[in-house]
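Working notes, beginning with the structure itself.
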Amino acid sequence: MISLLLSSTSGRHLLTLALVAGLVGPVAGQSRVSTSAAQFLTLGTGARGSALGHAYTATVTGADALFWNPAGASRITGGGNRGSLFLSHSEWLADINYNAVGLVVPVTESGVAGLSLAQLDYGRMDVRTEAFPEGTGETFGSSDIVVGLSYSQPLTNSFFIGSTLKFVRQAIYDMSAQTMAFDIGFVLVSDYLRGLRLAASIMNFGGRMQMGGVNSRIFVDIDQTNEGSNIALPAQLETASWDLPLAFKFGAALPVISTNSIRLEVFSDANQTNDNDLNADLGSELRFFLGSVNLDLRAGYKDFPLDTSDSHLTLGGGIDLNLSSIKLAADFAYIPFEKLGHVSVLDIKLFF
């Protein structure tokens with residue numbers, strides 16, 4: 001049915017694309033780079049996806065799919081385990097820690113529910129003022145957090161759908177902003193080209209973020225010409241509100257070599273956000289089947305062809321061990337930055 005619709009409306013689609021291109025052209029110079037809040041939502045969560053250069057939309061399964069494409073949470077691979085637990089720790093730049101946990105459990109004959117949480121902790125910093133530039137002796141903290149509730153299930157043997165409702169919060173000192181957001185994703189597993197997989201996701205569709213708190217409260221004199229007026233009326237500063245980094249991704253995963261001993265797959269994602277230019281993420285994974293143990297080597301290149309990023313190359317690997325009805329896995333990613341050092345990510349996974 002899809003192919004019939006495409007063929008019957010191809011002329012109109014081409015005309016629509018031409019009109020859109022003509023309308024977009026005049027405003028192409030109006031860049032929206034770095035004009036959204038909650039940028040931590042664009043970080044790669046987990047070692048495998050990070051090592052593949054974020055080209056993970058079409059291949060992610062298990063509990064870490066809650067952070068990339070919720071449709072993958074119900075996709076069964078390998079030993080046929082439907083439940084999974086995902087723990088991730090990232091040592092980011094400037095002593096920033098990024099931690100995440102995800103849990104997927106079967107709730108229907110084919111559907112699964114998921115619970116996810118991720119936190120970016122900036123650590124404690126000294127309070128500095130004009131009068132005390134070296135610090136007042138006080139400290140303050142800053143952190144970002146997202147909590148999600150997901151559901152995913154196969155609609156057919158080869159088509160999967162999933163969605164996530166999540167709460168997003170950013171806080172610094174006594175100020176904070178929060179909103180709700182929504183993710184939805186699809187995965188199609190085909191019989192062509194040794195099992196080509198196609199996927200799409202829309203991430204972070206939701207409200208706007210606006211900072212508020214005790215530090216936005218001030219006291220004013222609304223009538224400075226009247227000496228008898230109250231000079232300390234409480235008022236609230238109105239801060240600007242910002243969109244979330246809405247992202248649309250289309251991904252493909254293609255097995256290149258598949259034998260009883262090795263498997264080589266390549267991955268690609270087209271990534272468009274509301275605050276950045278269209279770019280592509282590329283990745284590859286070489287898996288060695290060693291009986292009950294599997295070994296993976298991974299490499300990726302993200303944000304192609306943008307030249308504004310300090311880091312494009314990603315590397316990593318993983319190992320998993322099948323123990324009768326459960327499977328244990330560990331993954332590692334290394335992301336070198338040209339000027340800022342490097343980022344390392346470590347995951348532990350349990351499939352049951």
Side-chain angles (χ1 to χ4, degrees), residues 27 30-46 49-50 54 57 64 66-70 88 90 92-102 114-125 127 139-150 162-185 201-218 234-249 271-279 302-303 306 308-310 343:
V27 298
Q30 301 177 5
S31 174
R32 296 198 65 208
V33 173
S34 301
T35 58
S36 65
Q39 281 295 308
F40 78 103
L41 295 175
T42 65
L43 296 177
T45 304
S50 297
H54 295 190
T57 304
D64 55 338
L66 305 176
F67 302 95
W68 297 86
N69 181 359
S88 177
S90 305
W92 262 89
L93 309 171
D95 297 324
I96 297 173
N97 290 316
Y98 182 43
N99 299 299
V101 57
L115 180 65
S116 58
L117 183 148
Q119 183 201 33
L120 192 66
D121 186 359
Y122 299 90
R124 304 294 299 182
M125 290 162 274
V127 175
T139 62
F140 71 96
S142 179
S143 65
D144 303 331
I145 190 171
V146 57
V147 181
L149 181 63
S150 307
S163 61
T164 299
L165 179 65
K166 57 191 183 183
F167 171 76
V168 183
R169 186 176 189 269
Q170 291 190 284
I172 180 170
Y173 201 15
D174 294 323
M175 302 287 286
S176 64
Q178 50 274 324
T179 190
M180 301 297 294
F182 184 75
D183 301 340
I184 187 169
S201 67
I202 299 175
M203 312 290 286
N204 311 319
F205 179 78
R208 297 169 67 90
M209 303 281 283
Q210 184 177 25
M211 278 287 180
V214 297
N215 290 320
S216 62
R217 189 180 185 187
I218 60 175
Q236 198 79 18
L237 292 174
E238 183 178 353
T239 59
S241 61
W242 302 87
D243 291 321
L244 293 176
L246 177 66
F248 173 77
K249 295 185 178 183
N271 182 23
Q272 175 70 73
T273 63
N274 61 347
D275 64 349
N276 209 340
D277 299 322
L278 176 67
N279 61 84
K302 57 188 178 68
D303 299 329
L306 301 182
T308 56
S309 175
D310 185 45
V343 170

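These numbers were taken from a predicted model, which means no experiment stands behind them. Here, residue 1 is the first one in the sequence, and each next residue gets the next number.
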*Spacing of K166 atom NZ and N204 atom CG [to the nearest 0.5 Å]*: 4.0 Å
*Work out which heavy atom in P245 is nearest to a heavy atom in D275; give both atom names and the distance.*
CB-OD2, 4.2 Å
*Who are the side chain to side chain donor-acceptor pair (under 3.5 Å) partners of S90, not counting sequence neighbours?*
none
*Apply the test side chain to side chain contact (heavy atoms under 4.5 Å, CB included) to residues L237 and I218: give CA-CA distance (whole Å), side-chain angles for both, the deciding distance (0.1 Å), then the verdict.*
CA-CA 7 Å; L237 292 174; I218 60 175; 3.6 Å; yes
*Gap separating the CZ atom of F40 from the CG atom of L120, nearest 0.5 angstrom*: 7.5 Å
*For the pair Y173 and F140, name the ring-plane relationship: parallel under 30°, tilted 30 to 60°, perpendicular over 60°.*
tilted
*Name all residues meeting the ring pair (Phe, Tyr, Trp, His ring centres under 6.0 Å) criterion together with F205; count only those two or more places apart in sequence or in a different chain, and write none if there are none.*
none
*Residue pair F67 / A118: nearest heavy atoms and the distance that separates them*: CE2-CB, 3.9 Å
*State the CG-CZ distance between L278 and F248, to the nearest 0.5 angstrom.*
10.5 Å
*Look up atom CG in N271 and atom OG1 in T42, then write down how far apart they are to the nearest 0.5 Å.*
9.0 Å
*Hey, does L246 have a side-chain heavy atom less than 4.5 Å from the side chain of I202?*
yes
*For D64 and W68, work out which heavy atoms get closest and say how close.*
O-CD1, 3.0 Å
*Pairwise distance CD1(I96) to CG(D144) - rounded to 0.5 angstrom*: 9.0 Å
*Counting only heavy atoms not in R217, do more than 12 fall under 6.0 Å of its CZ?*
no
*What is the minimum heavy-atom distance between D277 and Q272, and which atoms define it?*
C-NE2, 3.9 Å
*Do side-chain atoms of N97 reach the backbone of Q119 as a donor and acceptor pair under 3.5 angstrom?*
no
*Taking everything shown except E238 itself, do over 12 heavy atoms lie less than 6.0 Å from its CD?*
no
*Between Y98 and T45, a side-chain donor and acceptor under 3.5 Å*: yes
*So how far is it from L244 CG to Q39 CD, rounded to the nearest 0.5 Å?*
10.0 Å
_Backbone of S163 reached by a side-chain donor or acceptor of D183 within 3.5 Å_ = no
*Counting only N and O atoms by type, is there a donor-acceptor contact under 3.5 Å from the side chain of Q170 to the main-chain atoms of A177?*
no
*Is it true that the side chains of N279 and K302 contain a donor and an acceptor less than 3.5 Å apart?*
no
*Specify the closest pair of heavy atoms between M125 and S142, including all atoms of both residues, with the distance to one decimal.*
CE-CB, 4.1 Å
*So which heavy atom on S150 is nearest to which on T164, and how close?*
OG-OG1, 2.5 Å
*asked:* Is any side-chain heavy atom of R208 closer than 4.5 Å to one of T179?
replied: no
_Checking side-chain contact (heavy atoms from CB on, under 4.5 Å) between S241 and each of Q210, M209, M211, which is the one that passes?_
Q210
*Report yes if some heavy atom in the side chain of K249 is under 4.5 Å from a heavy atom in the side chain of N69; otherwise report no.*
no
